[in-house]
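Let me begin by presenting the structure, written as structure tokens, before commenting on it.
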2 protein chains.
Amino acid sequence: MPATKMKATIKSVATDLFYRKGYYATAISDIARGSGIQKASIYYHYASKEDLLFSILETTMDDLTVYIRETLEGVSDVEERLRVAIRGHVGFHLTRQKENFIANSELRGLSSQNFRAIVRMRDAYERIFQDLIRRGIDDGAFAVVDVKILSYAILTLCTAGASWFKPDGRLNVDEIALIYENFIISGLKQAEGAVLRPPVAALSG
Amino acid sequence: MPATKMKATIKSVATDLFYRKGYYATAISDIARGSGIQKASIYYHYASKEDLLFSILETTMDDLTVYIRETLEGVSDVEERLRVAIRGHVGFHLTRQKENFIANSELRGLSSQNFRAIVRMRDAYERIFQDLIRRGIDDGAFAVVDVKILSYAILTLCTAGASWFKPDGRLNVDEIALIYENFIISGLKQAEGAVLRPPVAALSG
DNA sequence: AATGGCCTACCGTCCGGTCGGCAGATGACA
DNA sequence: TGTCATCTGCCGACCGGACGGTAGGCCATT
């Protein structure tokens, strides 16, 4: 087996174990066994256990950011942009459930330097949503709300799906995304304010 | 020092350390040092490290459930009941931040038996909110939404505050609770549906 | 001959938990 | 009230094992 493939296998096995048992409860020897390899061989591909974790988190954050930016391309309506971003966010988190779960629960396993790196990426990602919301407020599409608090809220909410979602459950990814989407947009319009805009295309179509 | 006080001290120190460093990263000897005691003495008060964790989680869940039930007493309006519950939920999580953070991030440290016990308590608590939402739908106060998904969403959202809230930050507990409250209630009314009810007393008063 | 990819064997450390005992407070009893 | 046995709360020393990581070598491919 070429090195790059083994490396990917290790990462995949580690992702699965970190997701199921947690980072601390997973031993390098567990990952080795799952990869059909000896413990020492792991260190040919990754410098340390933390390096492996970091690699998973970095890739996930990278992919997520790229994905959401792609998703937004060509969409101009301010409300639709947020809707699209929510769908993208939920979709990404539910389809790449394990990695995202780890990214939101195992940051503790990182050294302060690596921790800061991931947090920086996360902050940049959050800023995308904050800008979308702010833009919506400025355009009058949303009520005047606390952008920071609600952006955290929205992301947390969508992210949480990664901890309970079951691919073969009652609802599929798209259905869940739609539920969140409507809930959030309605929340941002604030019922007691003027809720006068007509339903958007994305909803009725 | 009487035994009961030392026991409380240990629990408090453990809560602080579990919150700051995480359960696995905290050694019994750390807790002992923080309590001004020797490691072996911890075991006079608690049977094991897990027992200590479980004790924290059990107390927290108990207190939370009792608190929310008290909060709801005497409130009859269906929308106001949910509002009150949200305020209570947020308030509890932000004022007893450490314990709640642990309760939502360190369940992995529990044996399957203890894990089940806590999950049972959590499920019972969630059911309170699910009933409130369902009741609001039946009464026409809320749009017809997916109760299960949105109850998870609401609780997660409010709970998340415990991971970033800073007591001396820009907003205090009540302000944050109000933001969440309005956001959620608006979300449940669903902007594109019939949002015809007048603002409730709690909002204008 | 050299490199890549993996192995066996081993090391040092840390950590949860146990054991036996010790000092002071408590209480029964003469 | 003085004496002695008992209990309470804690301690120092230790154990067993798990775990991250290393050293050095082996073998197939190039």
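Keep in mind it's a predicted model, so treat the numbers as computed, not measured. The sequence lines fix the lettering, A, B, ..., with proteins before strands; numbering per chain opens at 1.
Between the NE2 atom of B/H45 and the P atom of D/dG9 there is a distance of 7 Å, given to the nearest Å. Protein atom CD1 of B/I37 is 8 Å distant from nucleotide atom C1' of D/dG9, rounded to whole Å. Rounded to an integer number of Å, the gap from A/Y46 OH to D/dG20 P is 16 Å. Counting to the nearest Å, the P atom of C/dG5 and the NZ atom of A/K5 are 14 Å from each other.
Using a 30° and 60° split on the angle between ring planes, A/Y24 and B/Y24 fall in the parallel class, below 30°.
Dashed line: the shortest gap from a side-chain N or O of A/S41 to OP1 or OP2 of C/dC7 is under 4.0 Å. Between B/Q38 and D/dG12 there is a side-chain polar atom (N or O) within less than 4.0 angstrom of OP1 or OP2. Between B/Y44 and the phosphate of D/dG9, there is a side-chain N or O to OP1/OP2 separation shorter than 4.0 Å.
In this structure a side-chain-to-backbone donor-acceptor pair under 3.5 Å is present from B/Q97 to B/F165.
Within a heavy-atom distance below 4.0 Å of DNA chain C, no residue of residues 11-20 of chain A is found.
No donor-acceptor contact under 3.5 angstrom links the side chains of B/K189 and A/S186, judged on distance only.
Between A/I31 atom CD1 and A/F18 atom CZ the span is 4.0 Å, to the nearest 0.5 Å.
Less than 6.0 angstrom separates the ring centroid of B/H89 from the ring centroid of B/Y125.
Relative to the ring axis of A/Y23, A/K49 places its NZ or CZ within 45° and under 6.0 Å from the centre. Cation-pi geometry between B/K7 and B/Y44 is not satisfied (NZ or CZ under 6.0 Å from the ring centre, within 45° of the ring normal).
The neighbour count for A/R96 CZ, taken as heavy atoms of other residues, nucleotides or ligands under 6.0 Å away, is above 12. Annotation: A/R108, atom CZ; neighbour count of heavy atoms from other residues, nucleotides and ligands within 6.0 Å is above 12.
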Protein N or O to nucleotides 23-27 of chain C N or O, pairs below 3.5 Å:
none

Please tabulate, one pair per line, each protein N/O and nucleotide N/O from nucleotides 14-18 of chain C that are separated by under 3.5 Å, including the distance.
unit_1 : atom_1 : unit_2 : atom_2 : d
C/dG16 : OP1    : B/T26  : O      : 3.4
C/dG16 : OP1    : B/K49  : NZ     : 3.0
C/dG16 : OP2    : B/I28  : N      : 2.8
C/dG16 : N7     : B/K39  : NZ     : 3.2
C/dG16 : O6     : B/K39  : NZ     : 3.4
C/dG17 : OP2    : B/Y43  : OH     : 3.1
C/dG17 : OP2    : B/K49  : N      : 2.8
C/dG17 : O6     : B/K39  : NZ     : 2.5

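In terms of heavy atoms, A/I184 sits closest to A/C158 at CD1-SG, 3.9 Å.
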Hey, mind stepping through A/R20 and A/D16 against salt bridge (charged side-chain N to carboxylate O under 4.0 Å, His left out) and telling me if it holds? CA-CA 6 Å; A/R20 278 170 32 215; A/D16 184 59; 2.5 Å; yes

